[in-house]
Structure formats: C-alpha cells, structure tokens
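Before any comments, here is the structure.
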Amino acid sequence: MRRNRSLEIFGLTILLSSALWRLPTIAGALDHETELVAEEDRIDRRELPAMAKIFREVARETAPSVVNVAVFLGGPDGREIPAGAGSGVLISADGSVLTNSHVVEGGGIIRVTLSDDRVVPARLVGRDPATDLALLDIEGEDHRAAPLGDSDLLEVGDWVMAYGSPFGLNRSVTAGIVSALGRSDIGLANYENFIQTDAAINPGNSGGPLVDLQGRVVGINTAIASRNGSSSGIGFAIPINMAREVVGRLAAGGRVERGWFGVRIEDLPRARALALGGAVGDGAVVLTEVLADGPARSAGLRSGDLVIDIGGRRTRSANDLRNLVAFLAPGTRVAVRVQREGREVVCELTTARRPTEP
C-alpha cells in the first residue's frame with residue numbers, strides 16, 4: 001500500500017510540474033485572446049489605431065480651407081461659358097486664396113466655392129506664369145486659413161495628403177508619400193523645383209494643397225505625368241517655400257519682378273566636379289559666359305568660374321542657381337562665392353531686373 005501511495009504522489013508531482021511548465025504558454029494564449037477581444041471591442045466602438053486617427057484628424061482640419069475655383073466667360077447671348085476649373089487653398093483669414101496660374105489664365109469671371117458650399121466672387125490679385133502660381137482674394141475676415149509648413153524640411157518617404165476637386169468632386173482627399181524632391185526640367189514652368197508624390201492627383205486637383213501629417217501646407221498640387229490623363233502615381237506639387245516668395249510679391253504689386261545676373265550657366269559634369277574636390281565635390285555650376293552688359297561682369301565674375309553659393313545658399317545645379325537668382329528682387333546686393341583656378345573668390349553683386357520680365 002505504501003508503495004502504491006508513493007507512486008500516486010510521484011505521478012501527481014509529475015503532472016503538477018508539467019502544468020506549471022506550461023503556464024507561461026497558457027497565459028500567453030489567454031493574453032492574446034484578451035487582446036483580440038479588446039481589439040474587436042475597439043472596432044465595435046469605432047476606435048481607430050493611432051495612424052488612422054492622424055489621417056482622419058488632418059482631413060477634418062484641412063477640409064474647411066480647401067476651395068473650388070471656377071472661371072467663366074461671357075457668351076454672346078449673355079450666358080456664362082465655363083473656361084476653367086481647379087482648386088485652391090485659403091492662406092489668410094481675410095480671404096487670400098492660393099491656386100495655379102493655369103487655372104485662371106483665361107481671365108473672365110472667377111467664382112470660389114467654399115467648404116460650406118457658398119459660392120462667392122473672387123478677384124484676381126495677380127498671377128505668375130513662370131512658376132504657375134496665382135493669388136485670388138475673396139470678401140470676408142473670418143475664413144479658415146490653412147497653416148503653412150516648411151517644404152525644405154520634407155524628406156523622401158514622408159506621408160502627405162492631397163486635396164482638391166478632381167473631376168469636379170469637391171473636397172476630395174488622397175494620401176501617399178513624397179516620392180522625390182527637387183524635380184526640374186519637367187517642362188511645366190520656367191522655374192521648377194517640384195515635389196513628386198504618389199498621392200493621387202487628377203484633373204481638377206490643380207491649385208489644391210498638399211499637406212503633411214501635421215496638417216501644414218507643404219505644396220500646391222500642379223500637374224501629373226500620365227498617358228491617359230488620370231493619376232498614374234506620379235504627381236507634382238510646387239513647394240510652399242517657393243509659393244511664399246511669389247505670394248508676397250503678388251500681394252505687394254500684382255506681379256513678380258525677378259533678379260538677373262547676366263550670365264549663361266550649365267551643370268559641371270559630376271566626374272569633373274569630383275576631380276576638382278573641395279567645395280564643388282558634390283556638384284557645381286560653371287559660368288559658360290558672362291555678358292558684357294550684366295551685373296556679373298561689373299562684379300568681377302568671369303567665364304569658367306564655378307559657383308559655390310549665393311548669399312550663403314549652396315548651388316549644386318544650374319536649376320538651383322536659376323531659382324535662387326530668380327527670387328532675388330532687382331537691386332538686391334548679394335555675395336557670390338566662386339572657385340577660380342583652385343582658389344575661392346567672393347564677388348559682391350547687385351542684381352538687375354530680368355530683361356524678359358514684362
């Protein structure tokens with residue numbers, strides 16, 4: 001009897017040990033099941049994961065600042081003929097609306113549809129075809145203006161959301177990422193520095209805002225690369241930092257006057273830039289010609305100079321230099337640092353008014 005009793009106790013001990021060994025596994029399974037139940041409860045209560053909440057909140061906060069822009073011409077029988085349509089964004093409480101120049105280039109009667117579906121007349125303050133931007137004004141002092149961000153802080157891979165009226169569907173929103181930065185030579189404007197995004201942009205989105213996940217406008221949707229006229233995942237937006245410069249001048253005088261150096265430029269081949277080393281090792285711009293009647297000649301710049309920076313801002317490409325000079329107002333004094341025959345030279349230059357500006 002004692003032997004059988006000992007065997008029973010030994011068997012119970014083994015079973016107990018086995019159960020204790022499995023407790024973490026059992027507890028883990030129970031915890032997982034509890035998490036699943038909690039997640040189902042959250043879904044039932046329409047509670048969203050953190051990322052989804054961010055998209056929802058940005059969409060809600062930005063929508064009141066997005067407008068539809070429509071342009072009409074007077075017909076011979078007195079009827080209004082649609083002449084253009086797009087989107088825009090309110091950038092001030094007193095009714096400043098930023099949009100694309102090509103949306104309103106036909107002139108005529110401009111009307112803006114607000115987020116509450118009110119249709120109000122708009123006045124064209126000015127437009128700048130060279131950057132494809134235009135500034136409108138509507139009456140009122142209490143409009144919901146969108147906050148403006150800093151497009152220089154954008155990085156490839158950042159989430160962004162695009163707003164507008166694609167195919168007339170007001171206040172539509174799409175999401176994607178920043179696919180590339182500094183896109184130029186697209187052929188859309190004279191001065192290009194586009195943000196590329198895969199957030200869907202379609203006809204009617206032009207002039208609408210591209211915003212980051214803090215709800216700040218970082219770009220103005222402008223165009224797409226497409227073979228069929230609809231989004232193919234390649235959209236372009238004007239950086240808001242470029243737009244700020246244009247808006248300020250349009251608001252002040254209705255047009256943009258640009259600075260001029262009086263030079264012809266081209267990109268220095270990368271292999272040659274690397275061979276030169278120093279400040280131009282990661283890209284440079286070479287002055288191929290310094291015009292006799294331009295401010296660059298007066299400042300002492302020479303053909304063959306390699307431009308390093310203008311006013312402390314690095315120039316890594318001919319497009320960089322072209323944009324920097326264009327946004328210097330005529331009469332601006334600026335230091336131009338160049339590399340010449342292996343040494344650095346700084347020339348003080350006063351910009352002239354670009355001759356081709358109207």
Side-chain angles (χ1 to χ4, degrees), residues 48-69 86-100 103 112 114-115 128 131-138 140-166 170-183 192-201 205-223 235-251 313 323 327:
L48 299 175
M51 194 66 176
K53 284 184 179 180
I54 291 172
F55 282 105
R56 175 185 279 186
E57 289 169 4
V58 172
R60 184 191 305 118
E61 290 297 314
T62 306
S65 305
V66 181
V67 304
N68 171 267
V69 179
S87 304
V89 58
L90 283 155
I91 57 171
S92 71
D94 61 0
S96 293
V97 175
L98 183 57
T99 187
N100 282 138
V103 171
V112 165
L114 302 175
S115 63
D128 182 41
T131 55
D132 198 13
L133 290 165
L135 182 65
L136 310 178
D137 181 69
I138 61 175
E141 300 292 333
D142 58 350
H143 296 289
R144 180 78 167 271
L148 305 185
D150 184 351
S151 51
D152 288 347
L153 299 180
L154 284 177
E155 294 188 20
V156 173
D158 285 350
W159 279 101
V160 286
M161 299 169 71
Y163 287 79
S165 305
N170 292 352
R171 296 179 297 282
S172 295
V173 57
T174 57
I177 63 168
V178 173
S179 304
L181 295 166
R183 290 296 195 203
E192 298 181 335
N193 186 31
F194 290 112
I195 301 163
Q196 181 184 326
T197 179
D198 65 351
I201 296 174
N205 273 109
S206 291
L210 186 75
V211 304
D212 62 18
L213 292 193
Q214 283 72 48
R216 302 170 299 197
V217 179
V218 293
I220 299 299
N221 305 323
T222 299
F236 301 103
I238 300 165
I240 197 62
N241 288 4
M242 177 183 281
R244 286 177 196 268
E245 296 282 348
V246 173
V247 164
R249 299 189 194 184
L250 291 177
R313 297 188 65 178
N323 287 340
F327 288 101

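All of these numbers come straight from a predicted model, not from anything done at the bench.
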Pair Asn170-Ser165, side-chain donor/acceptor within less than 3.5 Å: yes
What residue among Ile240, Leu135, Val97 forms side-chain contact (heavy atoms from CB on, under 4.5 Å) with Ile91?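 Result for side-chain contact (heavy atoms from CB on, under 4.5 Å) with Ile91: Leu135.
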Partner of Ile220 under side-chain contact (heavy atoms from CB on, under 4.5 Å), picked from Asn100, Asp132, Leu210, Ile195, is Asn100
Residues that [X] engages under side chain to side chain donor-acceptor pair (under 3.5 Å), provided they are two or more places apart:
X: Gln196; result: Arg183
X: Thr131; result: Asp128
X: Thr197; result: none

So which heavy atom on [X] is nearest to which on [Y], and how close?
X: Val156; Y: Leu181; answer: N-CD1, 4.2 Å
X: Asp158; Y: Leu153; answer: OD2-O, 4.2 Å
X: Gly176; Y: Ala199; answer: N-CB, 3.7 Å
X: Ala63; Y: Ser115; answer: O-CB, 3.7 Å
X: Val66; Y: Pro209; answer: CG2-CG, 3.9 Å
X: Pro239; Y: Asn193; answer: CG-O, 2.9 Å

Pairing residues for Ala59 by the side chain to side chain contact (heavy atoms under 4.5 Å, CB included) criterion, not counting sequence neighbours: Met161, Tyr163
To the nearest 0.5 Å, how far apart are [atom1] in [X] and [atom2] in [Y]?
X: Phe236; Y: Ser206; atom1: CZ; atom2: OG; value: 12.5 Å
X: Ser87; Y: Asn68; atom1: OG; atom2: CG; value: 6.0 Å
X: Phe327; Y: Arg249; atom1: CZ; atom2: CZ; value: 7.0 Å
X: Asp137; Y: Ser96; atom1: CG; atom2: OG; value: 5.5 Å

Does Asp212 have any salt bridge (charged side-chain N to carboxylate O under 4.0 Å, His left out) partners at least two apart in sequence or in another chain, and if so, which?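 If we apply the salt bridge (charged side-chain N to carboxylate O under 4.0 Å, His left out) test to Asp212, skipping adjacent residues, the hits are Arg216.
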Tell me which pairs pass salt bridge (Lys or Arg N to Asp or Glu O under 4.0 Å) where either residue lies in residues 143-156, with sequence neighbours left out. Glu61-Arg144
Mind telling me whether Phe55 and Trp159 have parallel, tilted or perpendicular rings, with 30° and 60° as the class edges? perpendicular
When you measure from the side chain of Asn323 to the backbone of Glu192, do you find a donor-acceptor pair of N or O atoms at a distance under 3.5 Å?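 Side chain of Asn323 to backbone of Glu192: a pair is present.
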Quick one: does Thr174's side chain have a donor or acceptor within less than 3.5 Å of a partner on Ala200's backbone? yes
Are Ile138 and Leu114 packed together at the side-chain level, in the sense that at least one heavy-atom pair is separated by less than 4.5 angstrom?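 They are in side-chain contact.
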